[in-house]
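For the numbers below, each heavy atom of this structure counts, side chains included, while hydrogens, waters and symmetry mates do not. Quick note on labels: first sequence line is chain A, next is B, and so on, each numbered from 1.
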Number of protein chains: 2
Amino acid sequence: MSTAHTNAPRRVPVTRELVLRTAVDLADAAGIDALTMRRLAEELDLGVMSLYYHLPNKEAILDGIVDVIFGEIDEALTDLPPAPGSWKTELRSRILGARAVMLRHPWAPAIIESRPSVGLAMARYVDALIGIMHSGGLDYDLIHHAMHALGSRAYGFVQELGESQGGGDGLEQMAAEIPNLVEMLTQVRHDDPESTLGWCDDQVEFEFGLDLILDGLERLRR
Amino acid sequence: MSTAHTNAPRRVPVTRELVLRTAVDLADAAGIDALTMRRLAEELDLGVMSLYYHLPNKEAILDGIVDVIFGEIDEALTDLPPAPGSWKTELRSRILGARAVMLRHPWAPAIIESRPSVGLAMARYVDALIGIMHSGGLDYDLIHHAMHALGSRAYGFVQELGESQGGGDGLEQMAAEIPNLVEMLTQVRHDDPESTLGWCDDQVEFEFGLDLILDGLERLRR
DNA sequence: ACCTGAACACCGTTCAAGT
DNA sequence: ACCTGAACACCGTTCAAGT
């Protein structure tokens, strides 16, 4: 996973940026729980306390990670073809672009939601969304509502609750107590038997919710 | 905060339910970070290891806490007047009822989102929402989409990102880099100067997003 | 059936240094 | 300027018991 533990001389100097990049790679490879100061230092072939020279504490590392993620989003979006279209399609493609990055870093949504403040990279991303909506003829009051209505969907994710565990192991035992839920699940499963992602295709659901909101906003704009 | 530390004989026996109730009270009073096994045991005037007789581990305590919260929601909703109305208003009032409980336990959303599985109380709550929608004429496929579109909003909350910090301390420094965001914030603040909750009234925004989704679903039903 | 202390394997971080 | 080990104050949990 890394070249740590060798005692060959380091090619690149350790910097704040390298620490953050390594932290993201570590979370990708071993899960967010593996991202401890000790493990991160090990990955960099450094003593634990050396990390504190580059960043003040673990909170700063988590803040920095969010910057890295939104940096990746920005990169992915500048590669995107211009695609003139309406404000709605433009917003939609930006958000789906952000989502593609989130899918590469499944732990990122939880970290983003845990941060108390907004970093520059994230603010820039939001700023671009607002700019698109304003150019599209939405006034700032409606844009403000829109950002709240979108919530984390603006960043390309929704925290999927419960159903994401793939059908619900324990649900069968409670079947008698939750007839409507059981009926819905069996029916939806039946309607879409060859769905590769199981009965619950998250990408489809994400776009459904996103379009529901965008269409509603478009209607309010008029 | 409690009657711990006295050595008067305990009135009520320690049970799983008392442990969970105490855990909720502790999180309410001292924040979710204060909910450690040691602190919880102290609150109950118990040795730490005694907790493990009533519940297998901390995960089970967090699962149990979610059950307690949805128990409170159920209680609050049965007190609610019947309010016949459309499926939309009925769903709306249930969700706003759930939200009122969430507001009493600000730490609850994060815990709910962190749980990998659905407990019975939560499943019952979802089941009731589905029942209402089905009675209102939505088919199960649309209901399934609806639950995903609502996301955590179905439980009465959205994880508010960034702006919730109350105007953004650090935003002023980045003003030049985020002109659209700054313009939106100043304009919205100007339009609503006497807002007691600051420029960003979460209850209003929550209902805006909820209604946007419910109205869109109603349109799809027809 | 109900409770317990000692000990273990972890955390993030302070301190007082080293080169 | 860059890095470090020892130590501290925490975690959740295992174990082997006590009554």
Side chain to side chain contact (heavy atoms under 4.5 Å, CB included) with B:Val19: which of B:Leu46, B:Leu40, B:Ile65?
->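 One option only clears the test, and that one is B:Leu40.
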
Please report the distance, rounded to the nearest Å, between [atom1] in [X] and [atom2] in [N].
| X | N | atom1 | atom2 | result |
| --- | --- | --- | --- | --- |
| A:Lys58 | D:dC11 | NZ | P | 16 Å |
| A:Glu42 | D:dT4 | CD | C1' | 16 Å |
| B:Asp45 | C:dC2 | CG | P | 18 Å |
| A:Leu40 | C:dC10 | CG | P | 17 Å |
| A:Asn57 | C:dC15 | CG | C1' | 16 Å |
| B:Met37 | C:dT4 | CE | P | 14 Å |
| A:Leu44 | D:dC3 | CG | C1' | 13 Å |
| A:Leu18 | D:dC2 | CG | P | 13 Å |

First of A:Asp33 and B:Arg38 reached from the 5' end of DNA chain C, by closest nucleotide =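 Looking at the nearest nucleotide for each, B:Arg38 comes out on the 5' side.
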
Residue [X], side-chain atoms from C-beta onward, closest of [options]:
| X | options | value |
| --- | --- | --- |
| A:Thr36 | C:dT13, C:dG12, D:dG12 | C:dG12 |
| A:Met49 | C:dA1, D:dA6, D:dT14 | D:dA6 |
| A:Val14 | C:dC11, D:dT13, D:dC3 | D:dC3 |
| B:Leu46 | C:dT4, D:dT13, C:dC11 | C:dT4 |
| B:Tyr53 | D:dC3, C:dA1, C:dT13 | C:dA1 |
| B:His54 | D:dC11, C:dG12, C:dC3 | C:dC3 |

Find out whether B:Leu142 and A:Phe208 are in side-chain contact, i.e. whether some heavy atom of one side chain is under 4.5 Å from a heavy atom of the other.
-> yes

Kindly compute the distance separating CE (B:Met37) from CE (B:Met49), expressed to the nearest 0.5 Å.
->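 B:Met37 CE to B:Met49 CE: 7.5 Å, rounded to 0.5 Å.
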
Answer with base, sugar-phosphate or nothing: what part of the nucleic acid does A:Ser50 contact at a heavy-atom distance below 4.0 Å?
->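 Base contact.
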
Rounded distance in Å between the P positions of D:dC15 and C:dC2 |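 Comparing P positions in D:dC15 and C:dC2 gives a spacing of 23 Å.
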
Quote, to the nearest angstrom, the C1' distance that separates C:dC10 from D:dC8.
-> 14 Å

Please determine, for D:dC2, whether a Watson-Crick or G-U wobble partner exists with both distances under 3.5 Å, and give it or none.
-> C:dG18

Please give the nucleotide sitting opposite D:dT13 as a Watson-Crick or G-U wobble pair, both distances under 3.5 Å, or none.
-> C:dA7

Is the number of heavy atoms from other residues, nucleotides or ligands within 6.0 Å of CG (B:Asp33) greater than 12?
->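 No.
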
Closer than 4.0 Å, any side-chain N/O of B:Tyr52 to the OP1 or OP2 of D:dT14?
-> no

A:His105 and A:Glu72: side-chain donor and acceptor closer than 3.5 Å?
-> yes

May I have the step-by-step check of salt bridge (Lys or Arg N to Asp or Glu O under 4.0 Å) for B:Arg94 and B:Glu90, ending in yes or no?
-> CA-CA 6 Å; B:Arg94 283 193 93 82; B:Glu90 209 169 333; 5.8 Å; no

Note: for A:Leu51 and B:Pro56 on DNA chain D, the residue whose nearest nucleotide lies more 5' is A:Leu51

